[in-house]
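Atoms within a ligand are numbered from 1 in the order they appear, just like the ligands themselves.
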Amino acid sequence: MTTTAPDTDPSAAEATDRAREFSVWPATAAEGPDGRVLLAGVPLADIADAHGTPVYVLDEAEVRDRCRTYRAAFPAAEADVHYAAKAFLCRGLVRLLDEEGLGLDVCSAGELELAVTAGFPPERILLHGNAKSPADLDTALRLGVGRIVIDGPAEIARLAAAVGPRGHQKVMLRVTPGVGAGGHAKIRTGTDGQKFGLSLRDGHAQHAAARVLAQPGLELTGLHCHLGSQITEVKPYLTALRRLVGLMARLRDAHGAVLPELDLGGGHGIAHRPGEPVLDPTTLARRLRTALAEDCAAAGLPVPRLVVEPGRAVIGPAGIALYRVLAVKTTPERTFVAVDGGMSDNPRPALYGVRYAPRLAGRRSTAPAVRTTVAGRHCEAGDLLAEDVALPADTRPGDLLAVPVSGAYQLSMASSYNLVGRPPVVAVRDGAARLLVRRETLEDLRARDVGL
Ligand SMILES: *Cc1c(COP(=O)(O)O)cnc(C)c1O
């Protein structure tokens, strides 16, 4: 009989550490005996060999799981779940989202065309934007998007004119409910005095709603708000909900208009590193449903159909960025591990200080962990992917480094800085990998440069 307690058993402790580390990875992630990391049964090292690095890997089962969690929490009988395309979009993902019964939020003619030409039903698409171009609006009307979310007073006349007196377009109104929430000042969008939406407090929202209601070609189906991103508390959503229901009641009183929809936007927070808080969609749904029923009953309004718009929470944790280490530099202050990507494929650390937990993905190391800064390859001192992370002291050029929770707002914000070309996207599922988006080549870049 063994006398070793589980918590002093080094292998048990190691297993606990590993489970904690992998808690932010897709559920299919596993570490082989040789230390190679597998996703959906596919070694990441094989993907790096086949497609080069940097490369982004998308775990299809994780995306579908997340879609299904949302659909179960917000059932189709009473709610719609729209994926925010700006987090990441490609045709393969469009197909998958359609299969899983989600709607789509787009912010440009480009996102819209990509989705519709990939077969996504336009009536399940919603167009956003604080400054929609003529092409955005023309494309939306031509393709027949389900809703256009009006963001400012000037858009009302513009849209009404474009729709024409005999035309018809369903619209929503983006309201800033005066709720401050979000992981960083640059991604807080629910407060007054910023570029999005119509203020509830100063009466602009109500005034705009009255003008929309007076347009015969426009059908106001509901109010919309989006508070910000990376929100981990339910409370800001409840506050926004209460204020929007208040405005719905005023619109009913003043104009007899009973709006059938209420869109609370996205921004549901996820963990980028083990132990960070998340916003659980099931909890959010339950509390929103209760609050909506109460607030509507108090206001004497029928319960509107609820719409939510998660982007990051659907795709973020399903993506892994895979880099090759190119250089290691040790200074008295810290160790730098430089990889073959950086701010051109992931500007988020530089933009708003996101922190990641990278790890070796191609081999096992028994070297002690040292405090390391993972740097990109670009010509900016601020091109750092992860600061003060623990990596093995023997990390060396040629090693593969994986950054989990890389599915959202990385490739969709990627640039051609230093002309390195944007990385490919590979989907994995049931032991097989397939290419969704190929690498951007120098030929691609040269083809647009027509001025010699
Ligand atoms: C960005 C955005 C979303 C999605 O935000 P996430 O943080 O990715 O969930 C939803 N709705 C609107 C209007 C947005 O601008």
Side-chain angles (χ1 to χ4, degrees), residues 63 66-67 69-70 73-74 79-89 93 97 102-108 111-112 115 124-132 136 140 145-152 155 171-177 179-191 194-198 222-234 236-237 240 244 261-272 276-281 284-285 288 306-319 348 351-352 354 405-413:
V63 183
R66 288 176 172 270
C67 291
T69 300
Y70 268 100
F74 296 93
D80 286 307
V81 181
H82 284 257
Y83 168 73
K86 69 179 197 264
F88 172 71
L89 197 67
L93 180 62
L97 295 165
L102 267 66
L104 207 54
D105 270 17
V106 299
C107 295
S108 70
E111 291 174 354
L112 178 56
R124 293 211 325 260
I125 303 180
L126 222 132
L127 174 71
H128 288 290
N130 72 303
K132 299 179 191 75
D136 294 337
V145 291
R147 309 279 183 281
I148 295 176
V149 182
I150 293 175
D151 205 287
E155 223 181 296
V171 299
M172 296 179 116
L173 211 55
R174 177 159 179 167
V175 176
T176 39
V179 178
H184 188 282
K186 289 181 189 169
I187 50 175
R188 268 170 226 150
T189 53
T191 52
Q194 43 92 24
K195 72 171 189 169
F196 293 105
L198 293 141
L223 303 178
H224 168 277
C225 71
H226 172 70
L227 303 179
S229 273
Q230 200 49 21
I231 300 168
T232 53
E233 309 269 325
V234 175
Y237 292 98
L244 292 192
E261 294 172 345
L262 180 61
D263 186 336
L264 293 177
H268 312 160
I270 57 172
H272 293 90
E276 287 178 350
V278 302
L279 184 59
D280 172 47
L284 175 69
L288 287 180
L306 198 58
V307 184
V308 289
E309 309 174 334
R312 179 192 320 269
V314 170
I315 202 74
R348 300 182 67 237
L351 265 179
Y352 26 73
V354 186
V405 201
S406 287
Y409 302 107
Q410 295 188 192
L411 284 186
S412 65
M413 291 179 150

Check your understanding: Can you list the ligand 1 atoms lying under 4.0 Å from a non-hydrogen atom of S229?
Key ->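 So the answer, numbered in order with elements, is 5 (O), 6 (P), 7 (O).
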Exercise for review: Identify, for atom 8 (O) of ligand 1, the protein heavy atom at the shortest distance, and state residue, atom and that distance.
Suggested key: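 Its nearest protein heavy-atom neighbour is Y409 OH, 2.5 Å.
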Check your understanding: Ignoring hydrogens and geometry, is there a side-chain-to-backbone donor-acceptor pair from T232 to L279 under 3.5 Å?
Key ->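 Side chain of T232 to backbone of L279, a donor-acceptor pair under 3.5 Å: no, none is there.
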Review point. If you measure every N/O of R174 against every N/O of ligand 1, is any gap under 3.5 Å?
Key: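 Between R174 and ligand 1, no N or O pair is found under 3.5 Å apart.
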Point to revise | E309 and ligand 1 - part of the residue with a heavy-atom distance under 4.0 Å | key: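 Both backbone and side chain.
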Practice item. Could you walk me through whether D263 and L126 pass the side chain to side chain contact (heavy atoms under 4.5 Å, CB included) test, one step at a time? Key: CA-CA 11 Å; D263 186 336; L126 222 132; 4.0 Å; yes
Practice item. Locate the shortest heavy-atom distance separating A408 from R312; write the atom from each residue and the value. Key: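 Answer, listing the atom of A408 first, then R312: CB-CA, 3.7 Å.
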Point to revise | Non-neighbouring partners of H128 that pass ring-ring contact (aromatic ring centres under 6.0 Å, His included), sequence neighbours left out | key: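 If we apply the ring-ring contact (aromatic ring centres under 6.0 Å, His included) test to H128, skipping adjacent residues, the hits are H224.
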Review point. Do ligand 1 and K86 have nitrogen or oxygen atoms that lie under 3.5 Å from each other?
Key: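 Yes.
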Review point. What are the atoms of ligand 1, with element, lying closer than 4.0 Å to any heavy atom of P310?
Key: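 With P310 as reference, the close atoms of ligand 1 come out as 9 (O).
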Check your understanding: Which ligand 1 atoms, with their elements, are less than 4.0 angstrom from a heavy-atom of D105?
Key ->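 Listed by number with element, the hits are 11 (N).
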Exercise for review: Using a 4.0 Å heavy-atom threshold (strictly under), name the region of H226 that reaches ligand 1: side chain, backbone, both or neither.
Suggested key: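 The answer is the side chain.
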Exercise for review: Determine, step by step, whether V308 and H268 satisfy the side chain to side chain contact (heavy atoms under 4.5 Å, CB included) criterion, reporting the C-alpha distance in whole Å, the side-chain angles of both residues, the deciding distance to 0.1 Å, and the verdict.
Suggested key: CA-CA 10 Å; V308 289; H268 312 160; 4.2 Å; yes
**Study point:** Polar atom proximity, H224 to ligand 1 (N or O, under 3.5 Å)
**Key:**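 In this structure, H224 places no N or O atom under 3.5 Å from an N or O of ligand 1.
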Practice item. For R312, counting its heavy atoms only, list the atoms of ligand 1 lying under 4.0 Å from any of them. Key: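 Taking each heavy atom of R312 in turn, ligand 1 has 6 (P), 7 (O), 8 (O), 9 (O) under 4.0 Å.
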Review point. Could you walk me through whether F74 and V307 pass the side chain to side chain contact (heavy atoms under 4.5 Å, CB included) check?
Key: CA-CA 9 Å; F74 296 93; V307 184; over 6 Å; no
Exercise for review: List in chain and number order the residues that pass salt bridge (Lys or Arg N to Asp or Glu O under 4.0 Å) with R174, two or more places apart in sequence or in another chain; answer none if no residue qualifies.
Suggested key: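 Applying salt bridge (Lys or Arg N to Asp or Glu O under 4.0 Å) to R174 gives none.
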Check your understanding: Roughly how far, to the nearest 0.5 Å, is the OH atom of Y352 from the CZ atom of R348?
Key ->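 Separation between the atoms: 5.0 Å.
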Practice item. Pull out every atom of ligand 1 sitting under 4.0 Å from any heavy atom of A84, numbered as shown with elements. Key: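 Counting from 1, the qualifying ligand atoms are 3 (C), 4 (C), 10 (C).
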Review point. Taking only heavy atoms of H128, which atoms of ligand 1 are found under 4.0 Å from at least one of them?
Key: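 In order of number, 13 (C).
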Review point. Looking only at non-hydrogen atoms, which of G267, A313, G129, G269 approaches atom 6 (P) of ligand 1 most closely?
Key: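 Looking at heavy atoms only, G267 sits closest to atom 6 (P) of ligand 1.
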Review point. Looking only at N/O atoms, are G311 and ligand 1 under 3.5 Å apart anywhere?
Key: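 Yes, there is a polar N/O contact under 3.5 Å.
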Exercise for review: Step by step, work out the side chain to side chain contact (heavy atoms under 4.5 Å, CB included) result for C67 and L97.
Suggested key: CA-CA 8 Å; C67 291; L97 295 165; 4.0 Å; yes
